[in-house]
Amino acid sequence: GLALTEPSDEEVLTALVLATTDPVLRVRVAAVTALADLGEPAGVRAIADRLGNDPGPPVRRAAADALGRLGGDEAVGALVGALQHETDQTVRDTIYAALARATGRTLGRDDGAWIDWWNRRLQSRSPSRAPLELGTHEGKSSRDPWARLETGTELDVLAALDEVERSDAARLAVLLE
């Protein structure tokens, strides 16, 4: 007979990262939530990508909530960066709540206060780093927020996630059968 084995943690992580871009909105929401539940630092980039790029507000809300639960500099940087372009008020409300949860700060719905706090935090960690020049959420800044929000603490695993190949998609199909 055919022996079934449990997927490895890496296979589960890969499957969930791939599922964050599934065409079905409910699958993307579930994948983002599951990645946060795993608590793996490597999942933060995929969740942050959904916050910044998913067309569905429910997915962006789930991503903001997930980043708030995970915390950490990359998650907070993604949340602050999303303030500059997010136009859906329900997603923005979730971002503010997530920032408060992740940071323990009570800066409310003041984009400028969050950006100033983030700039001060980056400056205190690396005095030679120039402050971020984030635009407003009306989209006045066209530069990539990730390029401006890097904290220099990226993990090698995140680079590997950017190189997901077709073989990973085939493994995902097998895992989901």
Side-chain angles (χ1 to χ4, degrees), residues 2-83 85-86 88 90-105 114 118 121-122 125 144-177:
L2 183 63
L4 296 177
T5 61
E6 286 289 315
S8 70
D9 289 348
E10 182 180 332
E11 289 172 325
V12 170
L13 185 63
T14 298
L16 288 173
V17 168
L18 288 171
T20 65
T21 60
D22 192 272
V24 178
L25 184 133
R26 288 187 337 212
V27 171
R28 295 194 313 271
V29 168
V32 163
T33 302
L35 273 174
D37 290 346
L38 283 178
E40 291 287 334
V44 173
R45 176 62 61 102
I47 296 169
D49 178 70
R50 292 298 81 207
L51 176 61
N53 297 306
D54 200 277
V59 178
R60 296 196 309 273
R61 282 193 305 271
D65 181 67
L67 292 170
R69 289 191 289 132
L70 289 168
D73 283 350
E74 189 169 9
V76 172
L79 289 163
V80 171
L83 289 175
H85 59 77
E86 183 57 61
D88 184 284
T90 63
V91 177
R92 292 180 67 75
D93 291 344
T94 305
I95 291 170
Y96 295 126
L99 281 166
R101 181 177 190 173
T103 66
R105 305 264 176 220
W114 283 111
W118 183 242
R121 182 170 171 83
L122 290 177
R125 290 176 159 228
D144 176 8
W146 280 109
R148 290 174 282 127
L149 293 174
E150 283 201 5
T151 63
T153 61
E154 288 189 14
L155 302 172
D156 293 338
V157 176
L158 297 176
L161 287 175
D162 290 335
E163 298 174 9
V164 173
E165 297 179 9
R166 291 179 206 262
S167 63
D168 295 323
R171 284 193 289 171
L172 172 63
V174 169
L175 290 171
L176 294 178
E177 286 180 347

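This structure is a prediction, so every number in the text was calculated from the model and none was measured.
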Subject >> side-chain contact (heavy atoms from CB on, under 4.5 Å) between Thr33 and Arg69, intermediate numbers included >> reply: CA-CA 10 Å; Thr33 302; Arg69 289 191 289 132; 4.1 Å; yes
Nearest heavy-atom neighbours spanning [X] and [Y]:
{"X": "Leu67", "Y": "Ala78", "value": "CD1-CB, 4.0 Å"}
{"X": "Ile47", "Y": "Ala66", "value": "CG2-CB, 3.9 Å"}
{"X": "Val27", "Y": "Ala19", "value": "CG1-O, 3.9 Å"}
{"X": "Arg101", "Y": "Asp65", "value": "NH1-OD1, 4.3 Å"}
{"X": "Ala64", "Y": "Ile95", "value": "CB-CG1, 3.8 Å"}
{"X": "Leu83", "Y": "Trp114", "value": "CD1-CB, 4.0 Å"}

**OP:** Could you please spell out the steps behind the side-chain contact (heavy atoms from CB on, under 4.5 Å) verdict for Asp49 and Thr20?
**Re:** CA-CA 9 Å; Asp49 178 70; Thr20 65; 5.8 Å; no
Which distance, rounded to the nearest 0.5 Å, do you find between the [atom1] of [X] and the [atom2] of [Y]?
{"X": "Trp118", "Y": "Arg105", "atom1": "CH2", "atom2": "CZ", "answer": "11.5 Å"}
{"X": "Arg121", "Y": "Asp73", "atom1": "CZ", "atom2": "CG", "answer": "4.5 Å"}
{"X": "Thr21", "Y": "Asn53", "atom1": "OG1", "atom2": "CG", "answer": "11.5 Å"}

For the residue pair [X] and [Y], establish whether any side-chain heavy-atom pair is separated by less than 4.5 Å.
{"X": "Leu25", "Y": "Arg28", "answer": "yes"}
{"X": "Asp54", "Y": "Val32", "answer": "no"}
{"X": "Val29", "Y": "Arg61", "answer": "no"}
{"X": "Thr90", "Y": "Arg60", "answer": "no"}

